[in-house]
Amino acid sequence: MNSSIRAFFPALSRMYREKPLIFLDGPAGVQVPEMVIEAIAEYYRKSNANTHGQFITTQETDEVMHNCRESLAIFLGAESARNISLGQNMTTLNFALSLAMGRYLQAGDEILITQLDHESNRGPWLALRKQGVVVREVRLRENGTLDYEDFAHKINEKTRLVAMGLASNIFGTINEVSLIRRLTHQVGAWLLLDAVHYAPHFTIDVQDLDCDFLLCSAYKFYGPHVGILYCKTGLLDRLDPNRLRTTEQQAPYSIETGTLNHAAMAGVLAAVQFLASLGLGTDLREQLVHAFQKIVQHERALAQGLYEGLADIPGIRVIGPDFNTIQRAPTISFVMEGKTPTAVCQALAVENICAWDGHFYAIKATEVLGLAPLGGVTRMGISLYTMQEEVDFTLEVLRKMRSNY
């Protein structure tokens, strides 16, 4: 990646108080390239209609929806477009899935979740305790990684589902999915992966992961707010989601409720095409894989520099594993002695640095590690448009913040 990539993003040219903004807030949603904005606007200009009609604009909407599913299937390495369900967001889709799975499970069946996960992949499953499903939690270790011995101890022949993240949205930890897949196979459990925080940074191949379900959100990978659910062929048709009799009763439509945001789907299609345009190859999949190879190289270098630079500042404690320990996402969280995360972010905002404070819905993780009483953490993320000069300036601001304290 080079500085020319920034020209695709209108927000990056914005000036505030006569200075540019530095967007390190990507873990909560990245900026959007012009071609995504234009795709959404063009849909409204020319093709704004509902689906399955006899006239041109409705047929164009049908084409947008089909092409969106097909592009997402290629993006995720799925079997086909019929494995891709769409919704308002990941949380809404996961609640719908948990309700459907609740009708499938019996009292005494078990689900295994983790203390590291975002609440969107905890709350829907914890709610099933009300109907007698046993929900167990895998422990989080002090270094921000999961306790895999505890994982192996808690999975058993009663486990019907393991729900876990591919990458932590608060500490950047990438979980050992291949190990967990082996454990789920041994007991015949389904595996559900939350890839919301993984999808912007790494290639996903659901068939290689051999997951049964995977969820992600397009606004994390340069698109609009749309939730995406992958279901392995045949699985969704075994479940009974809440749906109207007017809904198409088979996968992938049976879990989709109401009229979808067609303009946003045009934006999702454009986001996948944008990412593919950054790579080389003879087809969309090859282009995406090559693009993510470049993204990984760019983001890792900057994130490692940010991590190590923060760790070298007296009074700052970085939470989570370092880049020499495991593969991890380019998301770094820290606490600063004598300042709350809110106060740190307020001081950064004065310098036009966009960063987040809080628990980011990974509230259980902050509780387990004793971070909740501190107000959580300050979180920064590297995106494909982040530049070295921005990281250097941010570290300089934080050094001055500590020296002036």
Side-chain angles (χ1 to χ4, degrees), residues 24-29 89-91 94-95 98 111-129 135-148 150-151 154 163-175 194 196-198 217 220 303 306-307 310-311 313-322 325-326 328-349 353-381 394 398 401-402 405:
L24 298 180
D25 59 331
N89 50 55
M90 178 272 193
T91 305
N94 210 24
F95 264 115
S98 72
I111 292 175
L112 198 52
I113 62 175
T114 88
Q115 294 181 340
L116 180 58
D117 272 283
H118 191 287
E119 279 301 300
S120 63
N121 203 23
R122 288 174 44 85
W125 308 113
L126 287 167
L128 295 182
R129 284 176 169 172
V135 183
R136 301 183 184 275
E137 295 188 4
V138 177
R139 288 196 298 263
L140 175 63
R141 300 190 297 191
E142 285 293 324
N143 67 352
T145 64
L146 292 173
D147 184 336
Y148 292 100
D150 189 50
F151 223 128
K154 287 177 175 169
M164 65 181 293
L166 262 175
S168 165
N169 76 311
I170 187 168
F171 303 137
T173 310
I174 294 179
N175 295 319
D194 169 8
V196 171
H197 198 67
Y198 190 93
S217 298
K220 298 295 181 78
L306 178 59
Y307 184 106
L310 288 167
I313 299 174
I316 285 183
R317 176 166 63 98
V318 185
I319 313 297
D322 65 44
T325 304
I326 63 170
R328 69 190 310 288
T331 298
I332 295 96
S333 292
F334 65 92
V335 291
M336 179 182 287
E337 182 182 342
K339 279 188 178 289
T340 66
T342 299
V344 172
C345 287
Q346 287 170 342
L348 290 169
I353 299 169
C354 304
W356 283 102
D357 63 280
H359 55 65
F360 320 112
Y361 300 92
I363 190 168
K364 185 68 173 184
T366 64
E367 292 170 344
V368 169
L369 298 189
L371 299 166
L374 306 176
V377 296
T378 300
R379 182 183 69 175
M380 299 176 174
T394 300
L398 288 165
M401 198 184 303
R402 280 302 299 160
Y405 180 71

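Note that the coordinates shown come from a computational prediction; the quantities given were computed from them, not determined experimentally.
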Novice: Output the distance between atom CG (Leu310) and atom CD1 (Ile316), rounded to the nearest 0.5 Å.
Specialist: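 Reported value, rounded in 0.5 Å steps: 5.5 Å.
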Novice: Against Thr366, only a single residue in Leu374, Val377, Leu371 fulfils side chain to side chain contact (heavy atoms under 4.5 Å, CB included); can you say which?
Specialist: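 Of Leu374, Val377, Leu371, side chain to side chain contact (heavy atoms under 4.5 Å, CB included) with Thr366 is met by Leu371 alone.
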Novice: Using every non-hydrogen atom in the two residues, find where His197 and Ala329 come nearest and quote the distance to one decimal.
Specialist: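 Reported closest heavy-atom pair: CD2-CB, 4.0 Å.
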Novice: Ignoring hydrogens, what is the shortest heavy-atom contact between Cys345 and Thr378? Give both atom names and the distance.
Specialist: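 Minimum heavy-atom separation between Cys345 and Thr378: SG-CG2, 3.8 Å.
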Novice: With rounding to the nearest 0.5 Å, note down the distance linking CG in Asp25 to CG in Leu348.
Specialist: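 Rounded to the nearest 0.5 Å, the CG-CG separation comes out at 11.5 Å.
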Novice: Looking only at atom types and distance, does a side-chain atom of Arg379 sit under 3.5 Å from a main-chain N or O of Asn169, one as donor and one as acceptor?
Specialist: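 Yes; at least one donor-acceptor contact below 3.5 Å.
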Novice: If you define the side chain from C-beta out and look only at heavy atoms, does anything of Val344 sit under 4.5 Å from Leu398?
Specialist: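 Yes - at least one pair of side-chain heavy atoms lies under 4.5 Å apart.
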Novice: With side chain to side chain donor-acceptor pair (under 3.5 Å) as the test, pick out the partner of Asn121 among Asp194, Thr114, Asn94.
Specialist: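 Of the listed options, the one satisfying the test is Asn94.
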Novice: Taking all heavy atoms of Ala167 and all of Ile174, pick out the closest pair and write down the distance.
Specialist: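 Minimum heavy-atom separation between Ala167 and Ile174: CB-CG1, 4.1 Å.
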Novice: Check Pro321 against Ile326 and note the closest heavy-atom contact, atom names and distance.
Specialist: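 Nearest heavy atoms, Pro321 then Ile326: CG-CD1, 3.5 Å.
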Novice: Calculate, to the nearest 0.5 Å, the distance between atoms OG and CD1 belonging to Ser333 and Ile319 respectively.
Specialist: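 One finds 8.0 Å between OG of Ser333 and CD1 of Ile319.
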Novice: Does some side-chain heavy atom of Tyr148 sit less than 4.5 Å from a side-chain heavy atom of Asn175?
Specialist: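 Answer yes - side chains close enough.
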Novice: As an exercise, state the distance from CG of Asn89 to CZ of Phe95, rounded to the nearest 0.5 Å.
Specialist: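 Taking CG in Asn89 and CZ in Phe95, the distance rounds to 10.5 Å.
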Novice: Could you tell me whether the side chain of Leu126 reaches within less than 4.5 Å of the side chain of Ile113, counting heavy atoms only?
Specialist: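 In contact.
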Novice: So how far is it from Glu337 CD to Arg402 CZ, rounded to the nearest 0.5 Å?
Specialist: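 Between atom CD of Glu337 and atom CZ of Arg402 there are 5.0 Å.
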Novice: Distance from Thr173 atom OG1 to Leu116 atom CG, nearest 0.5 Å?
Specialist: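 So the gap between those two atoms works out to 5.5 Å.
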Novice: Heavy atoms, side chains only, cut-off 4.5 Å: are Met164 and Leu146 in contact?
Specialist: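 Side-chain contact under 4.5 Å: yes.
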Novice: Is the shortest heavy-atom distance from the side chain of Met401 to the side chain of Lys339 under 4.5 Å?
Specialist: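 Yes - at least one pair of side-chain heavy atoms lies under 4.5 Å apart.
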Novice: Counting only heavy atoms from other residues, nucleotides and ligands, does the tally under 6.0 Å from CZ of Arg317 exceed 12?
Specialist: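 Counting neighbours around CZ of Arg317, 12 or fewer heavy atoms of other residues, nucleotides or ligands fall under 6.0 Å, so no.
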Novice: Is there side-chain contact between Lys364 and Leu140, with heavy atoms separated by less than 4.5 Å?
Specialist: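 No, side chains not in contact.
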Novice: Can you check whether Ala362's main-chain N or O pairs, donor with acceptor, with Arg122's side chain at less than 3.5 Å?
Specialist: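 Here the side-chain-to-backbone pair does not exist.
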Novice: Testing the basics here: between Glu142 and Leu369, what is the closest heavy-atom pair and its distance to 0.1 Å?
Specialist: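 Nearest heavy atoms, Glu142 then Leu369: CA-CD2, 3.8 Å.
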Novice: Between Arg139 and Asp150 (side chain of the first, backbone of the second, donor and acceptor by atom type, cut-off under 3.5 Å), is there such a pair?
Specialist: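 Flag not set: sc Arg139 to bb Asp150 has no pair under 3.5 Å.
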Novice: State, yes or no, whether a side-chain contact exists between Met380 and Phe334 at a heavy-atom distance under 4.5 Å.
Specialist: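 When only atoms from C-beta onward are counted, Phe334 and Met380 do touch, with a gap below 4.5 Å.
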Novice: So do the side chains of Glu367 and His359 get within less than 4.5 Å of each other, counting heavy atoms only?
Specialist: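 The answer is no, as the side chains (C-beta and beyond) never meet within the 4.5 Å cut-off.
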Novice: How far apart are the closest heavy atoms of Ser217 and Met90, and which atoms are they?
Specialist: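 Heavy atoms only, the tightest pair is OG-CB, 3.4 Å.
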